[in-house]
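To start, the structure itself, in structure tokens.
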Amino acid sequence: MSERIIFHIDVNSAYLSWEAIHRLQHGDPLDLRTIPSIVGGDPTTRHGIVLAKSIPTKKYNIKTGETLYSAKTKCPELVIASPNYQLYQRCSSAMKEILESYSPLIQQYSIDEYFLDYTNMEKLLGAPTDVALQIKNRIKNELGFTVNIGISTNKLLAKMACELEKPDKVHTLFPHEIPSKMWPLPIEDLFFVGRATSKKLRSRNITTIGSLATSDPHWLNLYLKSPGLLIWNYANGRDESLVRNTRSIVKGMGNSTTIPFDVENRETAHLILLSLVETVSTRLRQARICTQLVSVSFRTNEFFSYSHQRKIHSPIDCTNQIHEIICQLFDEVWNGQAVRHLGVRVSELCQNDFVQLDLFTKNFDRQRLLDQTIDQLRLRFGSHAVIRSSFLNSGLKALTGGVIQDEDYPMMSSIL
DNA sequence: TCTGGGGTCCTAGGACCC
DNA sequence: TCTGGGGTCCTAGGACCC
């Protein structure tokens, strides 16, 4: 078997670049990519964090995830754009179309990242670096935004290659290049080394990927458990995971929201939880799935987080049924603190076809029929064609949480 | 006007059973 | 009286990714 050739394609400052080209295409003479600018949420609704930043923003030490307040303090002339997820979805799909002409095996890893398996394509299309340059330039010329492309023999190295120098670059990181190109980098640059792990490693004087690579794996396993071995393998460039173009089986679905105001009473909390359950349970039914584990979570205005979950021994998918359990769970843990964030999650999913058998205990047939009817009306006439009367004059949204419209949109999996 | 939302995986501890 | 041990299931929380 010949060695694999894997590309990783990553959009440079994705949300910001996409907003920039959108504005250029609509006659705005200013290119956001050339000035200090960010994409960020609205602080008045308590969504004010930096989601993406232009390259000129970096010299102000503004970080993704920090508050707009802090970002503006660092750079008063900062230009702030609102997020536009439909635009991002369109840009992502357009890019995928181009990639599909270079390999039958493509994996979408997130809205702005793809893996492409180029193994055995060389004879047909040409040398990997030439083709990567061609892909990069086609995306730039045809779609208007720049990407980085990383090339190597596995996904991890291709992804690490992509991070080397930005923007608009093609890099290789083949195994023989690991010591020179990857080992000098700080450990924080390694995939799967987050804040907690980097702190632990640095406390033991492991500061570069190279020093991690030469550490004792048995010690790492004791110190960091299984992620210790994983990152040790990564630091040595080892990764066997495959480029998958099939959708992975969904493990859970959740929706959560930060509320523009503090919730101080149970009734309001229950109503917001209903709006979240509406979205989650609709997604469940559209996927013909039932849940056996229901979880509620909330964050207080002092930023303490709580969660509470319950195993359901007969699978369910009814809005009202899930909502009832969610409210019980919420009431069991909530002790009256002001709440700024609420979340609903369902997991331990199973197919909904055999479930009927178990429903004889309680007759939820009418409920399920009603849910189905409402789902269909919303599908045909828009999601707000039918809303619950409890939301009328409440000032609250009847449906909360993003429902991805595109059925084929694959969710990111946390591991390669 | 300070701190998003959507995921996956792992672990520790307690309950319960034999 | 001086305190097993192995197994499974459940729950809360924390790590990581984009």
TODO: Report which part of the nucleic acid A:Glu113 touches: base, sugar-phosphate, or nothing (heavy-atom distance under 4.0 Å, all strands).
DONE: sugar-phosphate

TODO: Classify the nucleic acid contact of A:Gly252 as base, sugar-phosphate or nothing, counting any heavy atom under 4.0 Å across all strands shown.
DONE: sugar-phosphate

Open item on the list: It should be established whether A:Arg340 places a side-chain nitrogen or oxygen under 4.0 Å from OP1 or OP2 of nucleotide B:dG4.
Closed with: yes

Task: N/O (side chain, A:Ser256) to phosphate O (OP1/OP2, B:dG6) under 4.0 Å - done: yes

Task: Out of B:dT3, C:dC16, C:dC18, whichever nucleotide has its closest atom nearest the side chain of A:Arg46 - done: B:dT3

Task: Closest nucleotide among B:dT3, B:dT1, B:dG5 to the A:Ile49 side chain - done: B:dT3

Open item on the list: Distance check needed: B:dG4 C1' versus A:Ile111 CD1, whole Å only.
Closed with: 15 Å

Task: Between C:dC18 and B:dT3 - P atom distance, rounded Å - done: 24 Å

Open item on the list: Side chain of A:Tyr69, heavy atoms from C-beta onward: which of B:dC9, B:dG5, B:dC2 has the nearest atom to it?
Closed with: B:dC2

Could you pull out the protein-nucleic contacts involving nucleotides 11-13 of chain C (nitrogen or oxygen on both sides, under 3.5 Å)?
| residue | atom | partner | partner atom | Å |
| --- | --- | --- | --- | --- |
| C:dT11 | OP2 | A:Lys311 | N | 3.1 |
| C:dA12 | OP1 | A:His308 | ND1 | 2.2 |
| C:dA12 | OP2 | A:Gln309 | N | 2.6 |
| C:dG13 | OP2 | A:Ser307 | N | 3.3 |

Task: Taking every non-hydrogen atom, the tightest pair across A:Asp168 and A:Asn12 - done: N-OD1, 3.0 Å

TODO: Check the angle between the aromatic planes of A:His323 and A:His270 and answer parallel, tilted or perpendicular using the 30° and 60° thresholds.
DONE: perpendicular

Open item on the list: Below the 4.0 Å mark, does B:dG6 have OP1 or OP2 next to a side-chain nitrogen or oxygen of A:Arg345?
Closed with: no

TODO: Identify whether any heavy atom of A:Asp42 sits under 4.0 Å from a base atom; if not, whether one sits that close to sugar-phosphate; answer base, sugar-phosphate or nothing.
DONE: nothing

Open item on the list: What I'd like to find out is whether the side chain of A:Leu116 reaches to under 4.5 Å of the side chain of A:Ile6, using heavy atoms alone.
Closed with: no

TODO: Please state how far atom CG in A:Leu201 lies from atom C1' in C:dC16, giving the value in whole angstrom units.
DONE: 14 Å

Task: Interatomic distance, A:His341 NE2 vs B:dC2 C1' [rounded to whole Å] - done: 16 Å

- [ ] Could you state the atom-to-atom distance from CD1 of A:Ile231 to P of C:dC17 in whole Å?
- [x] 10 Å

Task: Residue whose nearest DNA chain B nucleotide is more 5′ - A:Met253 or A:Leu68 - done: A:Leu68

Open item on the list: Rounded to whole Å, how long is the line connecting atom CG of A:Asp10 with atom P of C:dC18?
Closed with: 9 Å

- [ ] Return the nearest nucleotide to the side chain of A:Ser226; candidates are C:dC16, B:dC10, B:dG5.
- [x] B:dC10

Open item on the list: Between C:dG4 and B:dG14, how far apart are the two P atoms, rounded to whole Å?
Closed with: 15 Å

Task: Pi-cation contact, A:Trp232 with A:Arg238 (under 6.0 Å, within 45°) - done: yes

TODO: Round to the nearest Å and state the distance from A:Lys155 atom NZ to C:dC17 atom C1'.
DONE: 13 Å

Task: Stacking of A:Phe303 on B:dT3 base (centres under 5.5 Å, planes under 30°) - done: yes

Open item on the list: Among C:dC16, B:dT1, B:dG5, which nucleotide has an atom closest to any side-chain atom of A:Phe192?
Closed with: C:dC16

Open item on the list: Can you work out whether A:Val50 or A:Lys225 has the more 5'-proximal nearest nucleotide on DNA chain B?
Closed with: A:Val50

- [ ] Answer yes when A:Lys74 and A:Glu66 have at least one side-chain N-carboxylate O distance shorter than 4.0 Å, and no when they do not.
- [x] yes

TODO: Check the distance between C:dC18's C1' and A:Gln107's CD and give it to me in whole angstrom.
DONE: 13 Å

TODO: For A:Lys199, answer base if it contacts any base atom (sugar-phosphate contacts may also be present), sugar-phosphate if it contacts only those atoms, and nothing otherwise; contact means non-hydrogen atoms under 4.0 Å.
DONE: nothing

Task: Pair A:Arg46 + A:Asp262: basic N to acidic O under 4.0 Å - done: yes

- [ ] Would you kindly give the CG-to-P distance between A:Asn221 and B:dC10, to the nearest whole Å?
- [x] 13 Å

Open item on the list: Check this for me, if you would: do A:Lys199 and A:Glu188 make a salt bridge, where the nitrogen-to-carboxylate-oxygen distance has to be below 4.0 angstrom?
Closed with: no

Open item on the list: What's A:Gly41 touching, base or sugar-phosphate or nothing? Going by heavy atoms closer than 4.0 Å.
Closed with: nothing

Task: Check: A:Ser54/A:Ser13 side-chain N/O donor and acceptor closer than 3.5 Å - done: no

Open item on the list: Under a 3.5 Å threshold, yes or no: a donor from one side chain and an acceptor from the other, between A:Thr279 and A:Thr282?
Closed with: no

TODO: Determine the contact category for A:Ser295: base if any of its heavy atoms lies under 4.0 Å from a base atom, sugar-phosphate if only primed atoms, P, OP1 or OP2 are that close, otherwise nothing.
DONE: nothing

- [ ] Under 4.0 Å between any heavy atoms, over every strand shown, what does A:Thr258 touch: base, sugar-phosphate, or nothing? Just pick one.
- [x] sugar-phosphate

Open item on the list: Need the pair for B:dC18. Rule: Watson-Crick or G-U wobble, both distances under 3.5 Å, any strand; none if unpaired.
Closed with: C:dG5

Task: Side-chain N,O (A:Asn255) to OP1/OP2 (B:dG6) below 4.0 Å - done: yes

